[in-house]
K.L.:
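Sharing a structure here in structure tokens format.
The figures that follow rest on heavy atoms only: side chains count, while hydrogens, waters and symmetry mates do not. Letters A, B, ... are given to chains in the order of the sequence lines, protein chains preceding strands, and every chain is numbered from 1.
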Amino acid sequence: MTFQAPKGVPEYLPPRSATFLAVRTAFATMALNSGYSYIEVPVFEDTELYARGVGESTDVVTKEMYTFADRGGRSMTLRPEFTAGVMRSTLEHGLHNGQLPVKLWTTGPAFRYERPQAGRYRQLQQFNVEAIGTEDPAVDAETIAIAWSGYQALGLTRVRLLLNTLGCKQCRPAYRAALQDFLRALDLDEATRARIEINPLRVLDDKRPEVQAQVADAPLITDHLCASCKAHHDRVRTLLEDLGVPWEDTPRLVRGLDYYTRTTYEFDHPLLGAQSGIGGGGRYDGLSEDIGGPSLPGVGFAVGVDRIILAVEAEDLAREVPPRVAVYGVPLGEEAARRLFKLVHELRAAGVAADMAFDGKGLKGAMKGADRSGAVYAVILGERDLAAGSAQVKHMESGEQTAVPLGELVGTLAGRLAG
RNA sequence: GUGGGUGUAGCUCAGGUGGCAGAGCGCCAGGUUGUGGUCCUGGAUGUCGUGGGUUCAAGUCCCAUCACUCACCCCA
């Protein structure tokens, strides 16, 4: 064993990979049911897109990006998140010139150069939903509900929704100034003092107890909202209540990306240790303009597939191994193997999941393979059966076995499995 | 970037004070020359992370190094 996967890159092998697909499917189903269309965007983009979109002051941009020069000397960056790329694609192709909102979902890997730990990876898998071109608080609530329903569909019961608002460009500056005045008077380390000047809101989110104690009396955004932000926030909460989606008001919640405005939220799972955020999102009404586009509001979320898998496992929801196939072929001898190979192909074409034993495996080993595959039926074919023109079809669970003429095998099995 | 922990079979891990490298699971074969899941018997697989040092002798002690892992920070 000479090579190993790059540091911080998780791999999902069977049977655990089934959970990976289940997580993606749960969220994709909800997004599709809610009228969102799939969009496939690049894994890397112009570095400047992320610098301007995500924000020059963020840790993501300043120290976590996988940036490289391509052979033409352009600075490219592996996507650290999806929203900037989805917005860029929307603007470039004029999707926003049609009826609004533009409702999109996507999924795949994102990349951040960080020190790995439990639930934190350098290649992380996200599932994203974005609604572009709407200010309606109902869409804020809709996107939250999609994420919530995804967690519910997976059977997760411990997920918490932490909800906040960050105000808009009307009311946030005054709050920001008030918060800075408060924070400058505190006894904080140098890095945190620097943060006060760049992004003071994030100081509120500091988890260190000595910092938390000091910011306990800090002014809160919820006391500084303008009338329209307050109305927006109240409406979002009313609609969530109508849907029966529970949340906790968390006025200190801040997100690490600069583009967020108004509604912001995070989904949290208590069984995950330090990296407990399993999803997060909000409104980004200024993003389009930040990257050179027109004034175009948007709202959306990202959920972390890797961490949701950990949550599913923490709640012990991922135990049953799904059967790989419904029918498993057990050949005895070369002639039988050839004939069975064709029969298995025909079963697959008829929509029946099928596999067979290879490498001239003996009967015992092949039957063991049938057992491991989870197949409902084993089809045993040897010289005797070939001579008789039939195969032995064995129901694995009951052990009942009957001879079925080779010409009727596909139809019979398809019928029995459907019935 | 800063701290702590751990590296022994495919996996999970035992291996006081240095003395022939082990168990369980998994895998393969046989018991059953055409029948899996239970049971019984047998078998294969190791540069003991890597390099150096001490010693008659190192998985064990010392030094270095790499990897993994947890936490800070940050975020999905």
K.L.:
Which sits closer to the 5' end of RNA chain B, A/Ala118 or A/Thr58, going by the nucleotide each is nearest to?
P.N.:
A/Ala118

K.L.:
Between A/Leu163 and A/Leu240, is there a side-chain heavy-atom distance shorter than 4.5 Å?
P.N.:
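With C-beta onward as the side chain, the pair touches.
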
K.L.:
Describe the nucleic acid contact of A/Tyr121 in one word from base, sugar-phosphate, nothing, applying a heavy-atom distance below 4.0 Å.
P.N.:
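Base contact.
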
K.L.:
Could you go through the side-chain contact (heavy atoms from CB on, under 4.5 Å) check for A/Val393 and A/Val327 one step at a time?
P.N.:
CA-CA 9 Å; A/Val393 173; A/Val327 175; over 6 Å; no

K.L.:
For A/Ser149, which residues count as a side-chain contact (heavy atoms from CB on, under 4.5 Å) partner, sequence neighbours excluded?
P.N.:
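Here the qualifying residues are A/Met30.
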
K.L.:
Looking only at atom C1', what distance separates B/rC73 and B/rA14, rounded to whole Å?
P.N.:
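Here B/rC73 and B/rA14 have their C1' atoms 37 Å from each other.
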
K.L.:
B/rC70 phosphate, OP1 or OP2: any side-chain N/O from A/Gln117 under 4.0 angstrom?
P.N.:
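For B/rC70, OP1/OP2 do not have a side-chain N/O of A/Gln117 under 4.0 Å.
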
K.L.:
What pairs of donor and acceptor atoms, side-chain ones from residues 151-159 of chain A against any protein atom, are under 3.5 angstrom apart with sequence neighbours left out?
P.N.:
from: A/Tyr151; atom 1: OH; to: A/Ile278; atom 2: O; distance (Å): 3.0
from: A/Thr157; atom 1: OG1; to: A/Glu315; atom 2: OE1; distance (Å): 3.0

K.L.:
Which whole number of Å gives the distance between the C1' atom of B/rC39 and that of B/rU32?
P.N.:
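Going atom to atom, C1' in each nucleotide, I get 13 Å.
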
K.L.:
Between B/rG59 and B/rG49, how far is it from one P atom to the other, in whole Å?
P.N.:
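One P to the other, the span is 10 Å.
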
K.L.:
Please give the distance between the P atoms of B/rG31 and B/rG51 as a whole number of Å.
P.N.:
44 Å

K.L.:
Report each atom pair, protein N/O against N/O of nucleotides 2-7 of chain B, whose distance is under 3.5 angstrom.
P.N.:
from: B/rU2; atom 1: O4; to: A/Arg115; atom 2: NH1; distance (Å): 2.3

K.L.:
Only counting residues at least two apart or in another chain, list the ones meeting side-chain contact (heavy atoms from CB on, under 4.5 Å) with A/Tyr113.
P.N.:
A/Tyr66, A/Arg122

K.L.:
Return a single string for nucleotides 29-41 of chain B, one symbol per nucleotide in 5' to 3' order, where B is base contact, S is sugar-phosphate-only contact and - is none, cutoff 4.0 angstrom on heavy atoms.
P.N.:
--B--BBBB----

K.L.:
Pairs of donor and acceptor atoms involving the side chains of residues 124-138 of chain A, under 3.5 Å and at least two apart or interchain, shall be tabulated with distances.
P.N.:
from: A/Gln125; atom 1: OE1; to: A/Arg24; atom 2: NH2; distance (Å): 3.4
from: A/Gln126; atom 1: OE1; to: A/Asn128; atom 2: ND2; distance (Å): 3.3
from: A/Glu130; atom 1: OE1; to: A/Tyr284; atom 2: OH; distance (Å): 2.6
from: A/Glu130; atom 1: OE2; to: A/Thr83; atom 2: OG1; distance (Å): 2.8
from: A/Thr134; atom 1: OG1; to: A/Asp136; atom 2: N; distance (Å): 3.0
from: A/Asp136; atom 1: OD1; to: A/Ala138; atom 2: N; distance (Å): 2.8

K.L.:
Answer yes or no: side-chain N or O of A/Arg202 and base N or O of B/rC74 forming a donor-acceptor pair under 3.5 Å.
P.N.:
no

K.L.:
Would you state whether a donor and an acceptor, one from the side chain of A/Arg112 and one from the base of B/rA76, lie under 3.5 Å apart?
P.N.:
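Such a pair exists between side chain and base.
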
K.L.:
Which residues pass the side-chain contact (heavy atoms from CB on, under 4.5 Å) test with A/Asp290, not counting sequence neighbours?
P.N.:
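Partners of A/Asp290 under the side-chain contact (heavy atoms from CB on, under 4.5 Å) test: none.
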
K.L.:
Sort and list the pairs that fulfil salt bridge (Lys or Arg N to Asp or Glu O under 4.0 Å) and have at least one residue in residues 378-402 of chain A, not counting sequence neighbours.
P.N.:
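Listed once each, the pairs would be none.
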
K.L.:
Identify the stems formed by RNA chain B, where each pair is Watson-Crick or G-U wobble with both distances under 3.5 angstrom and a stem is at least 3 consecutive pairs.
P.N.:
B:1-7 with B:66-72, B:10-13 with B:22-25, B:27-31 with B:39-43, B:49-53 with B:61-65

K.L.:
Please list all pairs passing the salt bridge (Lys or Arg N to Asp or Glu O under 4.0 Å) test where one or both residues lie in residues 403-419 of chain A, with sequence neighbours left out.
P.N.:
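Applying salt bridge (Lys or Arg N to Asp or Glu O under 4.0 Å) to every pair that reaches into residues 403-419 of chain A, excluding sequence neighbours, yields nothing.
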
K.L.:
Which pairs with one or both residues in residues 35-47 of chain A pass side-chain hydrogen bond (donor to acceptor under 3.5 Å, both in side chains), sequence neighbours excluded?
P.N.:
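Passing the test, one end in residues 35-47 of chain A: A/Tyr36-A/Glu142, A/Tyr38-A/Glu40, A/Glu45-A/Arg88, A/Thr47-A/Ser75, A/Thr47-A/Thr77.
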
K.L.:
With C1' as the reference atom in both, quote the distance from B/rG16 to B/rG10 in angstrom, rounded to an integer.
P.N.:
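The answer is 30 Å between these two C1' atoms.
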
K.L.:
Can you find an N or O donor on one side and an acceptor on the other, under 3.5 Å apart, linking the side chain of A/Arg195 with the base of B/rC74?
P.N.:
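By the distance-only test, no, there is no pair.
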
K.L.:
Taking only the P atom of each, what is the distance from B/rU60 to B/rC48 in whole angstrom?
P.N.:
10 Å

K.L.:
Side chain of A/Gln275, heavy atoms from C-beta onward: which of B/rC70, B/rC74, B/rA76 has the nearest atom to it?
P.N.:
B/rC74

K.L.:
Considering just the side-chain nitrogens and oxygens of A/Lys7, establish if one lies under 4.0 Å of OP1 or OP2 belonging to B/rA67.
P.N.:
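No, because none of the side-chain N or O atoms of A/Lys7 sits under 4.0 Å from OP1 or OP2 of B/rA67.
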
K.L.:
Partners of A/Asp371 by salt bridge (Lys or Arg N to Asp or Glu O under 4.0 Å), sequence neighbours excluded?
P.N.:
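In terms of salt bridge (Lys or Arg N to Asp or Glu O under 4.0 Å), with neighbours along the sequence ignored, A/Asp371 is linked to no residue.
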
K.L.:
Within the pair A/Arg307 and B/rC75, is there a side-chain N or O less than 4.0 Å away from OP1 or OP2?
P.N.:
no

